[in-house]
K.L.:
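Attaching a single structure in structure tokens format; questions to follow.
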Amino acid sequence: MKFEIKHYDIFKQETDCLILAVVNGEEQSDQIKAFDKLTDNLVAELIKSGDFKGNIGDTLPLYHVSQVAAKKVLLVGIGNSQDNLLINIPKITKSIADQLACLNSKTVSYAVSHINDSSVYHFVRFFIENLNNHTYRFDEYQTTKSKTVITEKLDLILADNTLLKSAQLAVDHGQIIANAVSATKSLANQPSNICNAQYLADRAKQLSIEHEKLSFSCYDEQALALLKMDAYLAVGRGSDNESIMTILDYRGSKNKKDAPIVLVGKGLTFDSGGISIKPAAAMDEMKYDMCGAATVYGVMKAIAELNLPINVIGVMAGCENMPSSTSYRPGDILTTLSGQTVEVINTDAEGRLVLCDVLTFVERYKPRSVIDIATLTGACIVALGHHYTGVLGNDDQLVAQLIEASKKAHDKAWALPMDDDFQAQIKSTCADIVNSAGRDGGTITAGCFLSRFTKNYHWAHLDIAGTAWKSGANKGATGRPVAMLIQYLLDQSH
């Protein structure tokens, strides 16, 4: 869907659907007052009769309103002054998306109201991001497509032209972020028989062709072996699909040698658990174990389009964890790129083995900071449900910056502790550390494991096991935490 900011007479503009915001029990906007003047107090009478209350997310389509040029008018409730309009945007846009799916409207105009100079940027940006999220469809492999008319263009109409500059910036940012989230979801939703490490590399290479500031490189198994990234290689040893580490390098700073921010995404394109095989229930969802890599893909796409004045390197650590006669085993001892040794307790704790070698590898960039993104632990779902991304790190300021970015982006995250009490849980009797410390504090001990390989730079870890995808009837990738990371990079660009 394409979004534009416009300033025109909403009642004279031809469009398939005009959306008007109605408040609950308070003074209505100038747009509603003007609409009522044209229609003999239609909205006022609907409110008076109780047929429409203006509660958050209420919708009412009106047909054959001859006094306006729009083919249909959609009333949408936005609550009252006690309700936080920004927080309620997801619910409001969900109601709008549901109606648009029924109203067969290719072109739509939304009369923006109840915002001012301080809120226009956030309202417009989050409106775009959320509406795009609710109208996203992944039907690439469905032979019978939905016949629902898809909205192609939505104009956001501002009555106050002094807000146009802020609103236009919000459209520019919102559209790019929305498209990045959609790109992330579409990559993550790919089935594992299509999306392997080579597929990730091919998609990244194509992205670098489309954006001249992105440069592409990749390391196949032979190159990883020469680097001695043996923990990474061990995880993929049981699969016929090759492990490939893909790198996208963005140099937006005036000084191309400025220390980059490095993003590392776990890219397990399928995780069977290996020899420590997972139960069959919901194993199909393990195609989403590459959502960290998909996030890196989406973020790198966005920063190239935003033309941010910073240097960023994105690493997609592609791999597949399968059981076979060549798989690594519980009890094996692996030597990592850092030289530290790891006793394998559970082959299903594989993500940290891939990440530890990559986190050592990226030291060569002398990074400003490193953030890894991974569907790492089921324990994070126990701790934070499907609402918050878990954040850990060795730098309090970096963790705080990510939490603040999550609040600005309305992409929830929560900081978890990580201290020496937890570090003791990953001690091994026969190697330096174990790759699994059991159920207690599982998200934190996984962070402790990674922290052993990040001592030479500022580092944060995002555990997205609970937030990267949804299960059940609405199964699919969410595109989180793309918005949070883009917000963090926007903040770092100032």
Side-chain angles (χ1 to χ4, degrees), residues 231 261-266 292 333-334 336-346 348-363 367-407 411-468 481 484-485 488:
I261 295 170
V262 178
L263 306 176
V264 176
K266 174 186 171 185
I333 294 178
L334 307 174
T336 66
L337 176 59
S338 71
Q340 297 176 80
T341 57
V342 180
E343 179 189 3
V344 178
I345 303 298
N346 186 334
D348 194 25
E350 85 299 327
R352 65 201 72 182
L353 295 174
V354 171
L355 290 174
C356 74
D357 273 353
V358 180
L359 290 171
T360 302
F361 171 85
V362 299
E363 282 185 26
R368 174 173 160 185
S369 62
V370 176
I371 303 165
D372 76 76
I373 311 100
T375 49
L376 205 64
T377 65
C380 198
I381 304 173
V382 176
L384 301 174
H386 297 282
H387 308 292
Y388 288 83
T389 291
V391 186
L392 303 96
N394 63 13
D395 182 88
D396 291 342
Q397 183 179 12
L398 176 58
V399 170
Q401 289 169 343
L402 287 166
I403 297 298
E404 181 62 24
S406 78
K407 293 175 181 177
D411 187 358
K412 293 180 179 180
W414 195 267
L416 295 170
M418 186 178 62
D419 55 38
D420 289 343
D421 291 336
F422 294 100
Q423 292 283 358
Q425 291 179 232
I426 62 172
K427 288 182 179 178
S428 169
T429 60
C430 54
D432 295 327
I433 48 178
V434 295
N435 80 320
S436 178
R439 293 169 58 87
D440 297 348
T443 299
I444 298 170
T445 56
C448 289
F449 181 97
L450 296 178
S451 73
R452 300 294 183 98
F453 304 88
T454 61
K455 293 180 179 179
N456 295 328
Y457 49 72
H458 304 294
W459 159 78
H461 161 62
L462 304 183
D463 193 325
I464 59 172
T467 55
M484 176 176 74
L485 284 169
Y488 167 76

K.L.:
Within this structure, what is the OG1-CG distance for the pair T375 and L462, rounded to the nearest 0.5 Å?
P.N.:
12.0 Å

K.L.:
So how far is it from Q425 CD to C448 SG, rounded to the nearest 0.5 Å?
P.N.:
7.5 Å

K.L.:
Given side chains that start at C-beta, do those of L353 and T336 come closer than 4.5 Å, heavy atoms only?
P.N.:
no

K.L.:
What residues form a side-chain contact (heavy atoms from CB on, under 4.5 Å) with V399, not counting sequence neighbours?
P.N.:
V391, I403, A415

K.L.:
Can you list every salt bridge (Lys or Arg N to Asp or Glu O under 4.0 Å) pair that touches residues 411-436, not counting sequence neighbours?
P.N.:
D411-R480

K.L.:
Are D463 and T377 close enough that a side-chain donor and a side-chain acceptor fall under 3.5 Å?
P.N.:
yes

K.L.:
Are any of the side-chain heavy atoms of Y488 and L398 separated by less than 4.5 Å?
P.N.:
yes

K.L.:
I would like to know whether S451 and Q423 meet side-chain contact (heavy atoms from CB on, under 4.5 Å); could you show each step before the answer?
P.N.:
CA-CA 9 Å; S451 73; Q423 292 283 358; 2.9 Å; yes

K.L.:
Answer yes or no: is there an ion pair linking E363 with K455, defined by an N-O contact shorter than 4.0 Å?
P.N.:
no

K.L.:
Distance check, rounded to the nearest 0.5 Å: T445 atom OG1 versus L392 atom CG?
P.N.:
10.0 Å

K.L.:
Which heavy atom of C356 sits nearest to which heavy atom of L450, and what is that distance?
P.N.:
N-CD2, 4.3 Å

K.L.:
How close do W459 and G447 get, counting heavy atoms only, and between which atoms?
P.N.:
CH2-O, 3.4 Å

K.L.:
In a table with atom names and distances, give each donor-acceptor pair under 3.5 Å that connects a side chain of residues 382-390 to protein atoms at least two apart or in another chain.
P.N.:
residue	atom	partner	partner atom	Å
H386	ND1	G466	O	2.8
T389	OG1	T467	OG1	2.9

K.L.:
Examine distances only and state if a side-chain atom of N346 and a backbone atom of N435 form a donor-acceptor pair shorter than 3.5 Å.
P.N.:
no

K.L.:
Are T454 and H461 close enough that some pair of their side-chain heavy atoms sits under 4.5 Å apart?
P.N.:
no

K.L.:
The test is side-chain contact (heavy atoms from CB on, under 4.5 Å); show your working for I426 and R452 and say whether it passes.
P.N.:
CA-CA 10 Å; I426 62 172; R452 300 294 183 98; 3.7 Å; yes

K.L.:
Which value, rounded to the nearest 0.5 Å, describes the distance between L263 atom CG and S369 atom OG?
P.N.:
8.0 Å

K.L.:
Ignoring hydrogens, what is the shortest heavy-atom contact between F361 and L337? Give both atom names and the distance.
P.N.:
N-CD2, 3.7 Å

K.L.:
Give the minimum heavy-atom separation between A231 and L334, together with the two atoms involved.
P.N.:
CA-CD1, 4.2 Å

K.L.:
Indicate yes or no for a side-chain donor-acceptor contact from D372 to the backbone of L359 under 3.5 Å, with no hydrogens or angles considered.
P.N.:
no

K.L.:
Would you compute the distance between atom CD1 of I371 and atom CE of M484 and round it to the nearest 0.5 angstrom?
P.N.:
8.0 Å

K.L.:
Yes or no on side-chain contact (heavy atoms from CB on, under 4.5 Å) for R352 and V342, after CA distance, side-chain angles and deciding distance?
P.N.:
CA-CA 11 Å; R352 65 201 72 182; V342 180; over 6 Å; no

K.L.:
State the CD-CG distance between E350 and L355, to the nearest 0.5 angstrom.
P.N.:
9.0 Å

K.L.:
Return yes if some donor-acceptor pair links the side-chain N/O of N394 with the main-chain N/O of Y457 below 3.5 Å, else return no.
P.N.:
yes

K.L.:
At their closest point, which heavy atom of T443 faces which heavy atom of C380, and how far apart are they?
P.N.:
OG1-N, 2.8 Å

K.L.:
State, to 0.1 Å, how close G351 and K266 come at their nearest heavy-atom pair, and which atoms those are.
P.N.:
CA-CE, 3.7 Å

